[in-house]
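First comes the structure, then the notes that go with it.
Every chain is numbered from 1 and lettered A, B, ... according to where its sequence line falls, protein lines coming before strand lines.
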Protein chains: 2
Amino acid sequence: MTRSSRTVPAATPPVPGHRTDEVRRVAGQLFADSGYSATTMTDIADAVGILPGSLYHHFTSKEEIAVEILTELDQEISALATRTSAALATLPGGPEERIRYVAQEVTALSVRSRAALRLYAYEAPTVATERFRSALKLQAPALEKVWKRATDGLVPPAAAAPGDLGLLRFALHHLTLNAALNIPGRQDSSEIARMICDLLLDGLVTHCPDDRDLDGSEVMRAAREAMAEWPALHEPAGSGSRDDIVAAARIEFARRGYSATTIRDVAEAAGVRMGTLYRRVSSKEDILREILSNYTSSMDRALRTVLTAGDSAAASLDAFALVFVHGKRRFRQESDIVKFSARGRNDMSGPFHEYFDQTQNRLRLLEELLRDAASPGGPVRQIAPPSQVGPHIRTVAWLPYQDFGRAGAPRTHAFLRRSLLRGFLGAAS
Amino acid sequence: MTRSSRTVPAATPPVPGHRTDEVRRVAGQLFADSGYSATTMTDIADAVGILPGSLYHHFTSKEEIAVEILTELDQEISALATRTSAALATLPGGPEERIRYVAQEVTALSVRSRAALRLYAYEAPTVATERFRSALKLQAPALEKVWKRATDGLVPPAAAAPGDLGLLRFALHHLTLNAALNIPGRQDSSEIARMICDLLLDGLVTHCPDDRDLDGSEVMRAAREAMAEWPALHEPAGSGSRDDIVAAARIEFARRGYSATTIRDVAEAAGVRMGTLYRRVSSKEDILREILSNYTSSMDRALRTVLTAGDSAAASLDAFALVFVHGKRRFRQESDIVKFSARGRNDMSGPFHEYFDQTQNRLRLLEELLRDAASPGGPVRQIAPPSQVGPHIRTVAWLPYQDFGRAGAPRTHAFLRRSLLRGFLGAAS
DNA sequence: GTCTATATATCGATAGAC
DNA sequence: GTCTATCGATATATAGAC
């Protein structure tokens with residue numbers, strides 16, 4: 001009876017603490033959908049069916065709800081690390097089996113703990129109090145050690161650069177742990193894990209051209225041209241101009257998230273008063289729109305080029321990866337801003353909606369490319385239907401590889417060729 | 001043009017910070033009238049004529065307003081201590097002139113800073129945050145040193161007990177600093193100071209009986225009898241009974257004030273749950289009523305006895321002082337509770353109102369006694385009209401002398417005879 | 001400097017399940 | 001009879017927008 005399986009929910013289950021659990025669960029769902037700061041106590045109370053003030057019988061504060069959710073996740077990760085680490089010691093099979101095993105486990109955890117992960121991954125640490133922040137310190141190191149153990153026996157092909165193994169671990173760790181966030185659909189967790197591993201270990205392309213051909217491809221040239229036209233980064237100069245305000249807002253939004261950043265924060269960061277700010281921009285959303293439209297149009301031009309250019313599928317995918325690697329660096333702030341944004345009910349009316357629309361459109365293009373190239377015997381391996389693989393490819397290429405130690409753009413791109421295109425375990429080429 | 005000097009205040013003075021000052025001033029007035037916790041931001045905003053949220057343009061919190069007011073008082077006291085200390089060094093005249101000078105100065109400060117003093121004296125330190133609490137640490141020691149200097153040359157009459165000088169300083173300090181709080185009327189500050197000094201230094205009674213006569217008077221016997229009937233103090237026993245709840249509430253109300261104490265605080269202190277509490281008492285006010293009615297009836301019986309008994313005026317006043325000295329000890333908590341209470345708009349509807357009504361009635365009795373005895377050549381000196389002297393006598397006898405070091409009830413009563421009855425400077429007798 | 005709207009939180013009191 | 005969960009009112013405070 002410890003876990004009341006949903007056999008018979010009974011008429012009105014009067015289990016003590018039942019309502020408290022319900023509040024935590026409902027709140028977690030709302031946090032996951034809309035983000036912490038965009039979810040109000042009134043939202044939670046409405047969803048539970050009580051008045052806002054009544055929530056305080058169960059929790060002393062909104063923050064406490066989040067902290068409890070995070071603590072639970074923390075413990076689950078620790079437990080999983082211990083468990084999988086022990087299992088690895090006796091697991092039969094080679095490195096590939098070990099990797100697939102850990103991927104399965106972590107992905108399952110991710111899907112199980114989607115709400116908590118959203119809280120962890122998307123909420124800006126700077127808005128939180130000390131208590132919140134310390135709860136946000138995830139037990140990631142324990143998991144990373146597990147990945148180390150799982151991949152230790154892996155001998156990279158001769159052609160791989162020496163450090164690629166580190167990037168592989170980095171990718172596996174982030175892709176599996178955040179699987180539930182990156183892949184919004186209702187896919188089965190083991191299916192997700194399989195695709196991640198297939199993509200990284202086996203690669204997408206059956207007969208991949210060599211580096212020289214890829215580097216010299218027409219689509220690659222077009223990609224470089226498109227990226228060269230990305231506007232220069234506007235650094236706030238303290239002039240208080242409209243551009244300054246937008247540039248300052250870009251930093252602040254990336255730091256705390258759009259909804260948690262106040263226009264007073266922006267005004268202060270830009271060194272202007274509220275009156276001045278409102279003479280230069282018409283609203284907070286106006287600023288966001290400007291930031292995101294610049295971001296979207298830059299990425300859109302480059303990606304439409306590589307996804308629709310007539311070259312080979314392999315060359316297109318390679319150029320796609322290059323644009324992503326550079327885009328993730330050039331638009332790091334923008335990437336954070338949209339990451340913080342809620343995919344739920346709120347926020348999504350304005351500029352965020354347009355942005356996500358555009359990314360969906362581009363995803364469709366990627367899927368078309370896969371569909372065209374994945375016919376039996378075609379240049380692209382059939383890992384799963386394009387509509388399922390597409391998001392994974394995008395996610396693999398969009399990881400924040402710059403966070404991994406000494407990985408510059410060229411090395412990151414080389415890693416993506418090595419894994420995403422050719423497969424990390426694939427024959428050297 | 002950097003600082004628009006206030007050359008032309010124009011029709012509506014647009015002085016920067018003007019509104020902020022107004023808010024502070026208005027808030028101070030409301031705090032003084034109703035107490036800090038009973039004054040809401042909405043009250044303040046209404047009084048200023050703006051919306052509650054707009055107050056936060058001027059102050060970051062309600063607390064900040066109070067802290068600023070307290071800080072200003074603190075600085076005023078420091079400045080006054082420095083100034084009067086220096087003036088004492090060159091002041092001609094004897095100890096009496098020195099005392100009267102300092103009393104004048106401090107009383108004037110008290111009247112000037114009534115709002116801040118109310119905040120200091122009446123708000124319970126336990127409800128406040130650390131910041132509030134530290135602002136509440138008044139610069140009293142500096143003032144006490146001044147009183148020491150002023151009274152240093154004073155040679156007590158031979159008959160005075162050795163330590164009475166300390167109690168005299170204690171009384172002077174508290175009476176003058178809190179003059180504006182104790183004497184609610186519109187009396188002139190120098191008039192107040194004069195009465196305080198007259199009372200303490202010259203005394204009320206022209207020809208005072210000696211100790212033996214006073215101790216053996218009929219009214220004194222009646223007073224002792226009445227006090228013997230005061231109910232025993234009920235200590236909370238942890239039984240959760242109604243008496244326990246009331247006893248616990250008495251402590252809590254005294255600690256924090258009635259309005260700042262929540263019913264949950266009371267329940268916790270009494271060791272019962274809310275459900276139980278509400279089966280034993282009908283409301284928070286119900287508890288207060290019980291506490292205060294017991295207090296009032298006890299004091300009332302004893303005081304009506306001494307104020308209306310047929311003995312001499314001197315004996316009555318002496319017995320009155322004795323009842324006050326013991327009452328202040330026996331009902332220390334009750335005394336604190338009503339001290340915290342607002343004399344303003346709120347609170348005053350319920351039990352507090354009844355309590356203050358009763359004290360007013362008793363004050364009338366005291367005044368009658370004075371009127372009867374203060375005819376020219378009568379036994380009581382004519383310091384001022386009875387309606388003015390009455391409150392001062394009450395205040396002198398009601399000081400928390402138990403806070404002064406080693407002063408027990410007998411010694412305190414002896415001090416009141418020595419000062420209030422006979423005059424501290426009066427001929428020995 | 002102010003408004004409007006709304007957020008989080010507290011508190012007195014009670015209904016209703018055990 | 002006791003206690004949990006809840007309500008209704010209202011407090012302090014924040015935020016976007018002039």
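A donor-acceptor contact under 3.5 angstrom links the side chains of A:T262 and A:D265, judged on distance only.
Not one N or O on the side chain of B:T296 forms a donor-acceptor pair closer than 3.5 Å with the backbone of B:S293. At least one donor-acceptor pair closer than 3.5 Å links the side chain of A:R280 to the backbone N or O of A:G240. Judged purely by atom type and a 3.5 angstrom limit, B:R289 has no side-chain atom pairing as donor or acceptor with the backbone of B:P351.
In this structure, A:K62 places its NZ atom 8 Å from C1' of C:dA7, rounding to the nearest Å. When rounded to the nearest whole Å, the span between CG of B:L288 and P of C:dC11 equals 17 Å. Protein atom OH of B:Y278 is 16 Å distant from nucleotide atom C1' of D:dT2, rounded to whole Å. Between A:F59 atom CZ and D:dT6 atom C1' there is a gap of 16 Å when expressed in whole angstrom units. What separates CG of A:L55 from P of D:dT4 is a distance of 18 Å, to the nearest Å. One can place CG of A:L51 at 6 Å from P of D:dG8, the figure rounded to the nearest angstrom. For the pair A:I245 CD1 and D:dG16 P, the computed distance is 15 Å after rounding to whole Å. Remark: P of C:dA5 and CE of A:M41 are 24 Å apart, rounded to the nearest angstrom.
Nearer the 5' end of DNA chain C, as judged by each residue's closest nucleotide, is the contact made by B:I50, out of B:I50 and B:D265. Between B:M274 and A:M274, the residue whose closest nucleotide on DNA chain C is further toward the 5' end is A:M274. When each of A:P52 and B:R280 is assigned the nucleotide of DNA chain D with its nearest heavy atom, B:R280 is the one assigned upstream, toward the 5' end. Along DNA chain D, the nucleotide nearest A:S282 and the nucleotide nearest A:G49 are compared for position; the residue whose nucleotide lies closer to the 5' end is A:G49.
Here the side chain of A:S283 is nearest to one of C:dT8, D:dT12, D:dA17, namely D:dA17. Considering only the side chain of A:H57, D:dT4 comes nearest among C:dA7, D:dT4, C:dC11. The side chain of A:R19 lies closest to D:dA5 when the candidates are D:dA5, D:dG16, C:dT2. The nucleotide whose nearest atom lies closest to any side-chain atom of A:T262 is, among D:dT12, D:dA15, D:dT2, D:dA15. Closest approach to the A:Y56 side chain among C:dC3, C:dA9, D:dT4 is made by C:dA9 (side chain taken as heavy atoms from C-beta onward). Among D:dT4, C:dG12, C:dA7, the nucleotide with an atom closest to any side-chain atom of B:R273 is D:dT4. For A:R264, the listed nucleotide lying nearest its side chain is D:dA15; candidates were D:dG1, D:dA15, C:dC11.
Counting non-hydrogen atoms under 4.0 angstrom, B:G53 reaches a base of the nucleic acid.
Here A:D43 does not pair with A:K62 in a salt bridge; the nearest charged N to carboxylate O distance is not below 4.0 Å.
A:H58 has a side-chain polar atom (N or O) that falls below the 4.0 Å cut-off from OP1 or OP2 of D:dT6. For the pair A:S54 and D:dC7, the criterion of a side-chain N or O lying under 4.0 Å from OP1 or OP2 is met.
The environment of A:E76 atom CD is dense: over 12 non-hydrogen atoms of other residues, nucleotides or ligands sit within 6.0 angstrom.
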